[in-house]
Amino acid sequence: FSGADRCGYLVMLKSTAGGGGIGMQKCDTKAELSEAFEQVARLSQNSFGQSGIFLEKFVVNARHIEIQIFGDGNGNVVSFGERDCSLQRRNQKVVEETPAVGINRNQVAEMEAHAVRLGELVSYKSAGTVEYVYDADTNEYYFLEVNTRLQVEHGITEAVRNVDLVEWMVKVAYEAKLPLSVDQIQPAQGHAIEVRVYAEDPFKNFQPSTGKLTGWVMPDNCRVDTWCDRGIEVSSFYDPMLAKIIVTGNTREEAVNNLQTAMHTAKIDGFETNIAYLGALSHSPEFKDGTQLYTQ
């Protein structure tokens, strides 16, 4: 069957063990679904060692919203709010921010409550992320997955919540209790945005870039998580992410302005990166006013 024939909507074919966008394919017709079935099953087997696949509704204007939870392993779970990870390329996150804009705060609170309840039911321990697909057309959300680890974008949560999630992980591992109770956790203060700097060439369909970093200048007055410096050799054998640049502001507008300044300041020489791409994105009207933050 196909989504169009049986369900009245398009479908997404997914590997049950997929991750990072691997093992996902949208099917518009019955013929596409039939063709993609074996392809996704084979990719899943090669990538994850098992070929299980499933179908779900394809959300056209999707937002990727995730909730940061933390548990002590004894049934006590707290939430550190949401992150909007909707700006993606080839199902890979490029820009993340918190708080999410353009979503009813009651719905965000509902997602948080569901995420905490899920963690409580399994006596979750340490940092975890409960992820949802949010339909911007219908204002409905759907459970996506749980990442049972610290996420790449955890830094923006730390920036607005005045918390060190890695410190919490160490303390809970040793003491088996949360450093703060739910009543002691501070609400979000201000706005934070993270962009991922990748070793890829946007002008050549984002093909990987490699070589020696002959120049490396990162912006001041923001947080930069990186392993790079001038003289480092970047190969094609590892993840292409070179750095995470995290900016903050009292408002989203201020955070966007700080991001634009950071992108203008950052200089990387030796090979192509997506710095110019991120700079252009930070100046786009859709991003600045927050009217179109959909997964692409």
Side-chain angles (χ1 to χ4, degrees), residues 14-20 23 48-50 52 54 56-57 59 62-86 93 96-101 103-135 139-192 194 223 225 244 246:
K14 284 187 173 183
S15 164
T16 57
F48 310 111
Q50 61 103 329
F54 66 97
E56 67 180 24
K57 175 184 176 181
V59 180
R63 300 277 294 275
H64 186 139
I65 306 297
E66 58 187 33
I67 305 296
Q68 176 69 63
I69 64 170
F70 211 105
D72 63 1
N74 298 310
N76 300 305
V77 179
V78 296
S79 167
F80 285 103
E82 86 281 9
R83 294 187 291 257
D84 189 336
C85 308
S86 301
K93 298 171 184 175
E96 302 101 353
E97 63 180 288
T98 187
V101 296
I103 296 179
N104 185 285
R105 298 312 300 176
N106 291 332
Q107 285 182 297
V108 173
E110 194 174 292
M111 282 187 265
E112 280 194 84
H114 288 162
V116 168
R117 181 59 180 149
L118 177 59
E120 291 172 339
L121 288 171
V122 297
S123 296
Y124 189 84
K125 186 174 184 178
S126 196
T129 305
V130 181
E131 305 195 359
Y132 301 93
V133 171
Y134 181 90
D135 191 330
N139 295 321
E140 297 177 308
Y141 62 90
Y142 307 90
F143 172 78
L144 180 61
E145 64 182 3
V146 178
N147 272 302
T148 54
R149 56 179 171 81
L150 194 68
Q151 295 283 90
V152 172
E153 58 275 15
H154 75 278
I156 57 173
T157 295
E158 294 181 333
V160 301
R161 290 283 181 156
N162 191 31
V163 63
D164 187 329
L165 293 173
V166 176
E167 179 185 8
W168 270 51
M169 291 174 73
V170 174
K171 286 184 174 180
V172 168
Y174 275 90
E175 301 171 4
K177 67 177 183 179
L178 299 176
L180 296 175
S181 67
V182 63
D183 297 328
Q184 295 173 310
I185 293 176
Q186 298 181 14
Q189 299 293 324
H191 200 94
E194 172 184 294
R223 172 174 166 176
D225 293 353
K244 303 181 298 180
I246 299 171

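Rounding to the nearest 0.5 Å places OG1 of Thr129 at 11.5 Å from CG of Leu144. Considering CG of Leu180 and NZ of Lys171, their distance stands at 8.0 Å, rounded to 0.5 Å. Separating the CG atom in Asn106 from the CE atom in Met111 is a distance of 11.0 Å, to the nearest 0.5 Å. Summarising the geometry, atom CD1 belonging to Ile69 is positioned 13.5 Å from atom NE2 belonging to His114; distances are rounded to the nearest 0.5 Å. For the atom pair OH of Tyr124 and OG1 of Thr148, the computed distance is 5.0 Å after rounding to the nearest 0.5 Å. We find the CG-CZ distance between Leu118 and Phe143 to be 6.0 Å, quoted to the nearest 0.5 Å.
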Carefully, step by step, assess Lys57 and Tyr142 under the rule side-chain contact (heavy atoms from CB on, under 4.5 Å). CA-CA 10 Å; Lys57 175 184 176 181; Tyr142 307 90; 3.4 Å; yes

If you apply the rule side-chain contact (heavy atoms from CB on, under 4.5 Å), what do you find for His154 with Lys244, and how did you get there? CA-CA 11 Å; His154 75 278; Lys244 303 181 298 180; 4.1 Å; yes

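Between the side chain of Asn147 and the backbone N or O of Arg149 there is no donor-acceptor pair closer than 3.5 Å. Glu82 contributes a side-chain N or O that, together with a main-chain N or O of Ala100, makes up a donor-acceptor pair within less than 3.5 Å. Gln151 places no side-chain N or O within donor-acceptor distance of the main-chain N or O of Glu153, the cut-off being under 3.5 Å. The backbone N or O of Asn139 sits less than 3.5 Å from a side-chain atom of Gln107, completing a donor-acceptor pair.
In this structure, Gly119 and Val77 approach most closely via the heavy-atom pair C-CG2, 3.5 Å. Taking all atoms of both residues into account, the shortest heavy-atom contact from Val78 to Trp168 is CG2-CZ3, 4.1 Å. Residues Ala176 and Asn74 come closest through the heavy atom pair O-ND2, 3.0 Å. Between Ser79 and Val116, the closest heavy-atom pair is CB-CG2, 3.7 Å. Nearest heavy atoms, Glu120 versus Gly75: CG-O, 3.5 Å. Considering all non-hydrogen atoms of both residues, Glu158 and Leu165 come closest at OE2-N, 2.8 Å.
You'll find the side chain of Thr16 stays beyond 4.5 Å of the side chain of Phe48, heavy atoms only. No side-chain heavy atom of Thr98 sits under 4.5 Å from any side-chain heavy atom of Gln68. When side chains are defined from C-beta on, Phe70 counts as touching Met169, because their heavy atoms get closer than 4.5 Å. Using a 4.5 Å cut-off on side-chain heavy atoms (C-beta onward), Asp84 and Tyr134 make no contact.
Salt-bridge annotation for Glu194 and Arg83: absent, with no side-chain N of the basic residue lying under 4.0 Å from a carboxylate O of the acidic one. Using a 4.0 Å cut-off between charged nitrogen and carboxylate oxygen, Glu112 and Arg105 do not count as a salt-bridge pair. For the pair Lys14 and Glu145, the salt-bridge criterion is not met [side-chain N within less than 4.0 Å of a carboxylate O]. Ionic pairing of Glu131 and Lys93 is present here: one or more N-O contacts between side-chain nitrogen and carboxylate oxygen are shorter than 4.0 angstrom.
Checked options Val163, Asp72, Val172; the residue passing with Pro179 is Val172 (criterion: side-chain contact (heavy atoms from CB on, under 4.5 Å)).
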